Amino acid sequence: RAKEKGRNTYCFFTSEMQRYLARHLLLENALRRAIDNNELSLVYQPQYSLQQQKLIGFEALLRWQHPELGFVSPGEFIPLAERSGLVIPLGEWVLKTALAERAAWQQLTSSELTVAVNLSPVQFRQPGLLTLIDAQLQAHQLSAAALELEITESAMVEDPAQAASLLDAFRHRGLRIAVDDFGTGYSSLSYLKRFALNKLKIDQSFIRDLLADADDRAIVQAIISMANSLELETIAEGVETAEQQALLKQLGCQAIQGYHYGKPMQATAAREMISRELGREP
Ligand code: C2E
Ligand code: MG
Ligand code: MG
Ligand code: MG
């Protein structure tokens with residue numbers, strides 16, 4: 001078959017594809033051992049309510065530091081973990097670690113903070129997911145409302161009937177569901193009313209040029225007004241400036257997340273932030 005396609009295809013394969021495959025295999029093998037070797041950690045990015053003017057929770061984001069490969073970004077290793085199935089044990093580690101951290105916040109504040117965890121579509125289709133979540137919430141004596149699950153539109157489109165019943169089960173438990181990267185998927189908007197959702201996370205691509213680009217502003221405005229009508233909460237991702245924050249508040253967006261309010265930080269720094277912002281009175 002390679003012969004039929006000719007010399008150019010063959011050359012392309014030996015150079016770029018081979019380098020790509022080599023990196024892929026290297027990362028996959030390294031990732032297999034990452035949990036046992038303690039190379040994974042979570043950082044926590046704060047979320048701020050524009051209406052209540054206070055810290056409302058953190059999104060847990062996975063970090064991988066390999067002794068030789070150095071820092072590998074989730075943008076590179078998550079897709080790889082999804083294809084190899086490694087995202088299942090990885091996702092389980094993330095859920096356990098994030099909920100253990102959330103339990104520690106209980107000692108610092110009486111505020112009902114949420115910890116948001118990203119769910120890969122592969123995890124979303126895994127039969128044991130609900131059992132795992134139940135067990136972990138119980139192990140840490142947390143109410144379901146302490147956990148927000150971030151799913152993408154793509155998780156819902158593949159098998160809408162399965163997705164709908166899983167989301168119903170989540171809602172029945174009291175778990176919160178946010179749609180991540182909202183506005184970048186290709187799914188029909190009809191899923192917004194069919195599925196049990198709580199929140200839309202407006203993708204950062206619409207926020208970046210919000211001040212200068214009238215089209216982006218129109219899109220953000222439309223998302224917020226649609227969310228209001230459907231009784232969904234809104235949070236804008238990737239908010240980097242005070243001007244973006246002010247405009248989002250004016251447009252009626254409920255919350256923000258981004259470098260302006262806070263970058264993803266180590267667990268200890270997040271705890272300090274909670275004590276500083278919402279600490280119990282002595
Ligand atoms: P995401 O869930 O949409 O997370 C937001 C990403 O935007 C994070 O990148 C965050 O560091 C970055 N970000 C936050 N604020 C700003 C800002 O103001 N400006 C800019 N330019 N970027 C900002 P990160 O940590 O590299 O994660 C990338 C993606 O990897 C995530 O996108 C998520 O899809 C995935 N990911 C991360 N952790 C996990 C995980 O534990 N499980 C799964 N399944 N996916 C994960
Ligand atoms: Mg996310
Ligand atoms: Mg996002
Ligand atoms: Mg993203």
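The first residue in the sequence is number 1, and the count goes up from there. All ligand and atom numbering here is 1-based and tracks the order in the structure. Note that the structure is predicted; figures quoted are calculated from it, not measured.
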Would you call the rings of [X] and [Y] parallel, tilted or perpendicular if under 30° counts as parallel and over 60° as perpendicular?
X: Tyr48; Y: Tyr261; value: tilted
X: Tyr44; Y: Phe58; value: perpendicular
X: Tyr191; Y: Phe195; value: tilted

Measuring from [atom], which candidate in [options] has the nearest non-hydrogen atom?
atom: atom 1 (P) of ligand 1; options: Asp180, Leu90, Thr97; result: Asp180
atom: atom 3 (O) of ligand 1; options: Leu95, Asp181, Ile207, Ile256; result: Asp181
atom: atom 11 (O) of ligand 1; options: Gly91, Ala81, Gly258, Pro264; result: Pro264

Using a 4.0 Å heavy-atom cut-off, which part of [X] comes near ligand 1: side chain, backbone, both, or neither?
X: Val94; value: side chain
X: Lys263; value: neither
X: Val117; value: neither
X: Leu62; value: both

ask   = Would a distance-only check, ignoring hydrogens and angles, find a side-chain to backbone donor-acceptor pair under 3.5 Å from Glu240 to Tyr259?
value =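 Checking the backbone N and O of Tyr259 against the side chain of Glu240, no donor-acceptor pair under 3.5 Å is found.
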ask   = If you take all heavy atoms of Pro74 and Arg63, which pair is closest and at what distance?
value =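 Looks like CG-NH1, 3.6 Å.
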Closest non-hydrogen atom pair between Gly238 and Gln204, with its separation =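 Looking at all heavy atoms of both residues, the closest pair is CA-CB, 3.8 Å.
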Does even one non-hydrogen atom of [X] get within less than 4.0 Å of ligand 1?
X: Arg63; answer: yes
X: Glu59; answer: yes
X: Ser73; answer: no

request  = Identify, by name, the N, O or S atom of Glu150 lying closest to the Mg ion (ligand 2).
outcome  =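 Of all N, O or S atoms belonging to Glu150, OE1 is the one nearest the Mg ion (ligand 2).
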task = Specify which N/O/S atom of Glu59 comes nearest to the Mg ion (ligand 2), by atom name.
result =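 Atom name returned: OE2.
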query = Should we count CD of Gln65 as having more than 12 external heavy atoms under 6.0 Å?
reply =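 Enclosed.
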query = Do Val87 and Met156 belong to the same hydrophobic cluster, where Ile, Leu, Val, Met, Phe, Trp and Tyr are linked whenever their side-chain heavy atoms lie under 4.5 Å apart, directly or via other members?
reply =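 The answer is no; the residues belong to distinct hydrophobic clusters.
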key: Worked verdict on Lys201 versus Gln257 for side-chain hydrogen bond (donor to acceptor under 3.5 Å, both in side chains)   = CA-CA 9 Å; Lys201 296 195 78 175; Gln257 178 182 340; 2.9 Å; yes
query = Which atom, among the N/O/S set of Asp180, is closest to the Mg ion (ligand 3)?
reply =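 Distance check against the Mg ion (ligand 3) picks out OD1 in Asp180.
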inquiry  = I'd like the atom name of the N/O/S atom in Asp181 lying closest to the Mg ion (ligand 3).
reply    =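 Result for Asp181 and the Mg ion (ligand 3): OD1.
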Can you list the atoms of ligand 1 that are under 4.0 Å from a heavy atom of [X]?
X: Glu237; result: 3 (O), 5 (C)
X: Glu240; result: 17 (C), 18 (O), 19 (N), 20 (C), 21 (N)
X: Gln45; result: 14 (C), 15 (N)

Value rounded to 0.5 Å, distance of CG in Leu27 from OG in Ser84 =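 Leu27 atom CG to Ser84 atom OG measures 10.5 Å (nearest 0.5 Å).
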Stepwise side-chain hydrogen bond (donor to acceptor under 3.5 Å, both in side chains) test for Asn118 and Glu59 = CA-CA 8 Å; Asn118 291 284; Glu59 177 176 3; 2.8 Å; yes
